[in-house]
Amino acid sequence: MPLQEHNYWLTTTEFPTTDSSRPLPETADVVVIGAGFTGLSAARTLAKRGARVAVLESETIGWGASSRNGGMVLTGMKLGVNKLISMYGRELTRRMYAASLASMDCVEKIVQEEKIECDFARCGHLEVACKQKHFDDYTRQTEIIEVEFNHKLRVVQKSELSAEIGSSIYYGGMVDEMSAGCNPARYVAGLARSAMKNGAEIFEHARVESIQRDSRQGETGWKITTSRGSLWAHEVFVGTSGYTGSATPELQKKIIPIGSFIITTEVLPKALAHELSPRNRMIYDSKNYLYYYRLTPDGRMLFGGRAAFFPENDQTVRQSAEILRRGMVSVYPQLADARIEFVWGGTLDFAFDIMPHAGQMDGMYYAVGYAGHGVAMATYQGQKIAELMAGDQPENPFVGIPFPGAPLGLYSGKPWFLPLAGAWYKVLDWVS
Ligand SMILES: Cc1cc2nc3c(=O)[nH]c(=O)nc-3n(C[C@H](O)[C@H](O)[C@H](O)COP(=O)(O)OP(=O)(O)OC[C@H]3O[C@@H](n4cnc5c(N)ncnc54)[C@H](O)[C@@H]3O)c2cc1C
């Protein structure tokens with residue numbers, strides 16, 4: 001099969017259909033913006049509690065990062081535990097770590113409850129060290145994580161690494177058996193079905209253009225204007241991640257959209273697939289400009305990375321195929337002749353402090369900032385913020401932490417500094 005610039009996961013998935021001629025309701029209790037993991041998880045939770053929910057999606061269900069990602073359901077956050085403790089202290093970091101573990105349970109529970117056939121499996125993840133000093137740090141990290149967070153990781157010496165990965169370029173690894181893998185497109189489609197089954201209405205091709213405070217019959221709420229007309233809602237929940245735009249300008253200023261790209265090979269012979277990843281782990285390396293990779297359920301190598309820093313477009317996707325192929329062969333020389341069948345890209349959402357953030361801004365609820373660790377955390381935040389909206393007081397250590405904007409306010413939502421940031425990360429990988 002010749003190379004297709006297309007998301008492989010979409011070839012395995014059927015999405016629920018919505019009626020494009022159906023008018024928007026005049027009113028809703030909650031308008032959710034964005035039909036990805038965050039928005040759909042929130043919509044599902046709110047609808048289950050009896051709220052009238054309208055999900056507005058500018059493209060189609062799961063169109064954003066939620067159908068395009070690596071399907072790695074990971075523990076932890078993007079930042080290492082030492083950095084987190086230095087930023088937030090031990091107690092808050094402990095709560096954040098517990099939440100990140102709970103976020104995986106949250107995905108597993110939804111998959112089981114809703115019988116979503118998305119190949120969810122607790123296959124564990126493997127982080128591999130690109131330098132000796134990265135490996136030395138694994139020992140320190142596992143000790144802290146065990147003592148502080150009561151969670152056990154396993155350090156794998158270089159001499160034992162062949163049991164985990166068919167590559168000899170790394171200095172050792174660290175395994176977390178709790179992490180899982182799934183087919184993200186099937187998962188997001190299942191989440192949408194579940195939200196709809198519980199009564200949420202989803203409107204595709206309904207781009208939110210503006211949101212204004214508006215009172216109606218003595219009640220305060222919001223007028224939401226979309227490309228399919230307008231409606232009024234008591235509350236608004238924003239789950240637009242790396243695609244956050246000018247409808248929510250304050251949030252847009254706090255989120256940097258960064259491109260990430262993925263290739264998949266042809267289906268590999270079983271013995272070769274087993275040699276590359278004998279325990280079928282979700283794998284990523286220790287660089288800032290990192291590679292992440294795994295086998296797909298049908299036995300392809302899926303290999304991703306930040307081949308270009310700018311978000312996906314025809315040019316960045318095309319360039320990424322060759323850059324990632326070279327990266328993949330540098331890890332796995334065994335794949336030098338493997339055909340690349342799919343390449344695609346998606347947009348990640350980075351906050352300036354590389355942390356997830358959730359709560360209320362300008363009177364609207366939101367959850368963003370997953371920095372490439374969103375499969376579990378987005379599902380979890382959608383649920384937790386929905387519980388908060390429903391009047392509960394759920395444990396959520398990410399609400400209320402400082403949410404920094406750009407230094408000196410030098411950012412309006414157009415990331416002019418991305419080439420600089422990309423170059424800077426490459427420099428960091430040389431020196432650290
Ligand atoms: C290539 C890639 C690989 C990744 N790999 C992993 C991984 O292996 N593991 C992991 O944990 N995370 C990974 N991530 C991150 C993860 O996919 C995201 O964090 C997660 O999907 C975010 O979900 P979301 O619902 O918040 O956002 P999205 O899924 O991006 O959804 C946001 C939606 O909002 C819609 N929208 C935006 N503006 C408007 C508007 N004005 N009106 C209406 N709708 C609007 C968009 O169309 C979009 O569909 C990866 C991301 C990418 C791009």
Side-chain angles (χ1 to χ4, degrees), residues 15-19 22 24-57 61-62 64 66-67 73 99 101-118 120 180 182 184-204 206 219 221-222 224 231-241 356 358-360 364-368 370 374-396 398-399:
F15 283 84
T17 49
T18 62
D19 179 357
R22 189 165 36 112
L24 298 183
E26 208 175 305
T27 65
D29 292 327
V30 182
V31 153
V32 171
I33 310 176
F37 298 140
T38 304
L40 293 171
S41 170
R44 172 179 181 269
T45 307
L46 287 160
K48 274 175 145 222
R49 306 282 287 257
R52 289 178 308 125
V53 182
V55 181
L56 306 176
E57 166 56 53
I61 291 168
S66 297
S67 66
V73 188
L101 293 177
S103 70
M104 292 194 309
D105 297 342
C106 171
V107 173
E108 186 170 34
K109 191 156 176 263
I110 292 174
V111 167
Q112 282 170 358
E113 270 177 21
E114 305 293 345
K115 301 191 176 46
I116 302 176
E117 288 180 7
C118 62
F120 180 94
C182 73
R186 286 188 173 202
Y187 172 50
V188 75
L191 208 49
R193 261 185 216 102
S194 156
M196 289 161 93
K197 184 187 81 188
N198 283 291
E201 288 191 282
I202 302 179
F203 297 89
E204 298 175 287
E219 288 188 71
W222 302 91
I224 299 106
L231 76 166
W232 185 91
H234 283 282
E235 302 287 3
V236 173
F237 179 104
V238 187
T240 47
S241 189
Q360 259 186 305
M364 287 175 265
Y365 291 88
Y366 71 91
V368 289
Y370 311 114
V375 176
M377 191 53 87
T379 308
Y380 183 77
Q381 286 302 340
Q383 184 172 312
K384 291 292 148 192
I385 295 298
E387 287 168 6
L388 185 69
M389 293 171 81
D392 295 352
Q393 292 186 318
E395 158 68 358
N396 190 346
F398 300 97
V399 171

Side-chain heavy atoms of Pro16 within contact of Met196, under 4.5 Å | yes
Shortest non-hydrogen separation from [X] to [Y] and the atoms involved:
X      : Y      : answer
Ala180 : Met104 : N-SD, 4.5 Å
Gly190 : Ile116 : C-CD1, 3.6 Å
Arg186 : Glu117 : CD-O, 3.1 Å
Thr18  : Ile202 : CG2-O, 3.6 Å

Return the set of residues passing salt bridge (charged side-chain N to carboxylate O under 4.0 Å, His left out) with Glu219 (not counting sequence neighbours), or none when no residue passes.
-> none
Quick one: list whatever passes salt bridge (charged side-chain N to carboxylate O under 4.0 Å, His left out) with Arg49, sequence neighbours left out.
-> Asp392
If you count the non-hydrogen atoms of other residues, nucleotides and ligands that lie under 6.0 Å from CD in Glu113, is the total more than 12?
-> yes
May I ask you to check whether over 12 heavy atoms, not counting those of Lys197, lie within 6.0 Å of atom NZ?
-> yes
Asn396/Gln381 under side-chain contact (heavy atoms from CB on, under 4.5 Å): CA gap, chis, key distance, verdict | CA-CA 8 Å; Asn396 190 346; Gln381 286 302 340; 2.7 Å; yes
Ignoring hydrogens and geometry, is there a side-chain-to-backbone donor-acceptor pair from [X] to [Y] under 3.5 Å?
X      : Y      : value
Ser67  : Gly62  : yes
Arg44  : Leu191 : no
Glu204 : Ile61  : yes

Atom pair [atom1]/[atom2] of [X] and [Y] - distance to nearest 0.5 Å:
X      : Y      : atom1 : atom2 : value
Thr240 : Glu57  : OG1   : CD    : 10.0 Å
Asp105 : Ile110 : CG    : CD1   : 11.5 Å
Glu108 : Thr379 : CD    : OG1   : 12.5 Å
Glu235 : Gln360 : CD    : CD    : 7.0 Å
Met377 : Ser103 : CE    : OG    : 4.5 Å
Glu387 : Leu46  : CD    : CG    : 9.5 Å

I would like to know whether Phe398 and Lys384 meet side-chain contact (heavy atoms from CB on, under 4.5 Å); could you show each step before the answer?
-> CA-CA 10 Å; Phe398 300 97; Lys384 291 292 148 192; over 6 Å; no
Mind listing the side-chain donor-acceptor pairs of residues 30-38 below 3.5 Å, one per line with the distance, residues two or more places apart or on another chain?
| residue | atom | partner | partner atom | Å |
| --- | --- | --- | --- | --- |
| Thr38 | OG1 | Tyr370 | OH | 3.0 |

